[in-house]
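Before any comments, here is the structure.
So you know, we letter chains A, B, ... as the sequences are listed, proteins then strands, and number each from 1. Only this structure's heavy atoms are used, side chains among them; waters, hydrogens and symmetry mates stay out.
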2 protein chains.
Amino acid sequence: MQHSKENVSFRDIKEIVLGRIKDSTWPSDSILPTETDLAKEFSTTRTTINRALRELADEGYLDRKRKSGTRVRAAPIRQARFKIPVVREEVTERGGAYRYNLISSEISSAPEWLVAKLDLKFGQNVRHIRCLHLSNTQPFQYENRWIVLESVPDAREETFTEFSPNEWLVQKVPFTDIEVSFLATRADQLLADLLGASLNEAIFTTERSTWLKGTPVTFARLYFAPGYRMTTRL
Amino acid sequence: MQHSKENVSFRDIKEIVLGRIKDSTWPSDSILPTETDLAKEFSTTRTTINRALRELADEGYLDRKRKSGTRVRAAPIRQARFKIPVVREEVTERGGAYRYNLISSEISSAPEWLVAKLDLKFGQNVRHIRCLHLSNTQPFQYENRWIVLESVPDAREETFTEFSPNEWLVQKVPFTDIEVSFLATRADQLLADLLGASLNEAIFTTERSTWLKGTPVTFARLYFAPGYRMTTRL
DNA sequence: TAGTGGTCTAGACCACCCG
DNA sequence: GGGTGGTCTAGACCACTAT
């Protein structure tokens, strides 16, 4: 027989509020009571209510504005979160033994499309690396990468025979901004050979551009072996 | 000459801490001072420090555990957030006029792969809808969807001539869990015709499974027109 | 200009987990 | 067992913005 007087947690509040949204106690576009009123209703403080509502807003269920109040979003913004993994970890997480093969590594002047893509100065030098990441003996991902030498001078000497540019960069070079794109690529003969795919097979592809405080660092295209899919629950 | 004594904001703290991580004042795997100590250092309260560190942990930079303290993540978990858009909005956001064409809609017993995918009971009935979403007159997305009738009885009568199943479901059916996958599909002749692609072109594809508290609601494959890419900054 | 959320201070108790 | 983060209370001032 315990009649405990536990505190109400912000998690409880979240659940209750979400319940009232789902059962239309607070229908779409309606305005919730103020934080102060809710705090009274649940015998708690504004701080607790605030955290609950803030997180729900962050999750896309509510829209909050000063003065106008907290409104139920008509169509909740469902959002997915993806981890951007390091290849090695992705391979080992899937239960494979990670291996790495360098295909080529050379210094050249940045091709025009890359200049445009990263907003480089004309004629800047880049190191171009192509390599393969394997899971056991199976190709897992083909990486085609360009590193801006002016931003990463160390990459001039580095040969990338031992470590993949992926890992090397993570270790050596800080970055502040990444742009990631996901797309599909049709396999030409080269890609097919590298990834053990057949010609014309559809290849899931990621592109990453990286900057350090506005300075372009690197651009990479990552081609995954056939059958790869990126999955998330929300 | 103002010598204001402003409060330190949790945003300031976040920035400072992130700075110290990036310039290796606090290198990878090192342990940060306790919240109490940091509060002293910045002449603020634990509450403020806590919020800053909590958010940084949430963003993947820190790892926090009771008793052991707050540790700098060796490889920050970079993560991307994607909105799961409603097709209509995605089209209009890209500046197109949204249009919708129903291709087919019929009731049948769930195919075996779908039974497995959604963990259905054997022999359950589903409504199978195929339709096309257009931007102006260009195909934008081909939708291939199955709705579990036992979970969504209203879908038995609905013809989906006017509204796409996408919008209809958002309006009518609540859901709690979604699983989203992204992959690449090779266009067969049908897909090529529908999307205005050529045979064998690589098609960016999304799969979504939806449940309401454990009960399967619907499964959809969404095929995007050639050239589509999903992009995010982080 | 007034109402609402945004955030900070100050202090407290507690849960988890490492040693 | 004890240290660290997790969270709550209580109260205050402020910033934004609708009216």
Side-chain angles (χ1 to χ4, degrees), chain A residues 2-18 20-21 26-74 76-77, chain B residues 2-18 20-21 26-74 76-77:
Chain A
Q2 45 188 353
H3 52 119
S4 54
K5 187 178 175 167
E6 289 170 10
N7 284 328
V8 188
S9 133
F10 75 93
R11 288 168 209 282
D12 302 335
I13 305 290
K14 279 180 76 172
E15 210 162 306
I16 295 170
V17 170
L18 207 46
R20 292 195 184 171
I21 293 173
W26 292 326
S28 283
D29 276 330
S30 66
I31 302 240
L32 266 60
T34 65
E35 295 191 344
T36 316
D37 288 347
L38 287 172
K40 268 180 216 151
E41 174 180 350
F42 297 112
S43 335
T44 179
T45 54
R46 248 194 78 204
T47 316
T48 302
I49 300 291
N50 179 275
R51 173 140 186 214
L53 297 188
R54 176 157 37 87
E55 292 197 357
L56 285 174
D58 199 49
E59 287 161 24
Y61 294 102
L62 299 175
D63 196 23
R64 318 191 76 203
K65 265 191 214 148
R66 286 155 151 141
K67 169 73 176 181
S68 32
T70 300
R71 185 183 295 271
V72 178
R73 278 213 145 93
I77 301 181
Chain B
Q2 45 187 353
H3 52 119
S4 54
K5 189 178 176 167
E6 288 170 12
N7 284 330
V8 188
S9 132
F10 75 95
R11 286 167 209 282
D12 301 336
I13 304 290
K14 280 181 74 171
E15 210 163 306
I16 295 170
V17 170
L18 207 47
R20 292 195 184 170
I21 294 173
W26 291 327
S28 283
D29 275 329
S30 65
I31 301 240
L32 267 59
T34 65
E35 294 191 343
T36 317
D37 288 347
L38 287 171
K40 267 180 216 150
E41 174 180 352
F42 298 111
S43 335
T44 179
T45 53
R46 249 196 78 206
T47 316
T48 302
I49 300 291
N50 179 274
R51 172 140 186 214
L53 297 187
R54 176 157 38 85
E55 292 198 356
L56 285 174
D58 198 48
E59 287 161 24
Y61 294 101
L62 299 174
D63 196 22
R64 318 192 75 203
K65 266 190 213 148
R66 285 155 151 138
K67 168 71 179 179
S68 26
T70 300
R71 185 182 295 272
V72 178
R73 279 212 140 93
I77 302 182

Would you classify [X] as touching base, sugar-phosphate or nothing, given that sugar-phosphate means primed atoms plus P, OP1 and OP2, and contacts are heavy atoms under 4.0 Å?
| X | answer |
| --- | --- |
| Arg11(A) | sugar-phosphate |
| Ser9(B) | sugar-phosphate |
| Thr34(A) | sugar-phosphate |

[X] has an atom [atom1]; how far is it from atom [atom2] of [N], in whole Å?
| X | N | atom1 | atom2 | answer |
| --- | --- | --- | --- | --- |
| Phe10(B) | dG6(D) | CZ | C1' | 17 Å |
| Ile49(A) | dT4(C) | CD1 | P | 15 Å |
| Glu35(A) | dC8(C) | CD | C1' | 14 Å |
| Asn50(A) | dT9(D) | CG | P | 13 Å |
| Phe42(B) | dC8(C) | CZ | P | 14 Å |
| Arg71(A) | dT17(D) | CZ | P | 15 Å |
| Ile13(B) | dC8(C) | CD1 | P | 9 Å |
| Arg51(B) | dA10(C) | CZ | P | 18 Å |

- Item | Atom pair CG/CZ of Leu56(A) and Arg73(A) - distance to nearest 0.5 Å |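 The distance works out to 11.5 Å.
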- Are Leu62(B) and Val72(B) close enough, and set up right, to give a side-chain contact (heavy atoms from CB on, under 4.5 Å), and what steps lead you there? CA-CA 5 Å; Leu62(B) 299 174; Val72(B) 178; 4.3 Å; yes
Report each atom pair, protein N/O against N/O of nucleotides 12-16 of chain C, whose distance is under 3.5 angstrom.
from, atom 1, to, atom 2, distance (Å)
dA12(C), N6, Arg46(B), NH1, 3.3
dA15(C), N3, Arg66(B), NE, 3.3

Can a side chain N or O of [X] be found less than 4.0 Å away from OP1 or OP2 on [N]?
| X | N | result |
| --- | --- | --- |
| Ser68(B) | dG5(D) | no |
| Thr70(B) | dG5(D) | yes |
| Thr48(A) | dT9(D) | yes |
| Thr47(B) | dT7(D) | no |

- Tyr61(A)/Val17(A) under side-chain contact (heavy atoms from CB on, under 4.5 Å): CA gap, chis, key distance, verdict: CA-CA 10 Å; Tyr61(A) 294 102; Val17(A) 170; over 6 Å; no
- Do Thr48(B) and Phe42(B) come close enough that some side-chain heavy atom pair is under 4.5 Å?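 No, every pair of side-chain atoms sits at 4.5 Å or beyond.
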- Query: Can you find a pair of side-chain heavy atoms, one from Asn50(A) and one from Arg64(A), that are under 4.5 Å apart?
  - Reply: yes
- Query: Between the main-chain N or O of Thr36(A) and the side-chain N or O of Arg46(A), is there a donor-acceptor pair closer than 3.5 Å?
  - Reply: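 Here the side-chain-to-backbone pair does not exist.
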- Residue met sooner reading DNA chain D from 5', once Pro33(B) and Lys65(A) are mapped to nucleotides: Pro33(B)
- Stepwise side-chain contact (heavy atoms from CB on, under 4.5 Å) check, Thr47(A) with Thr47(B): CA-CA 11 Å; Thr47(A) 316; Thr47(B) 316; over 6 Å; no
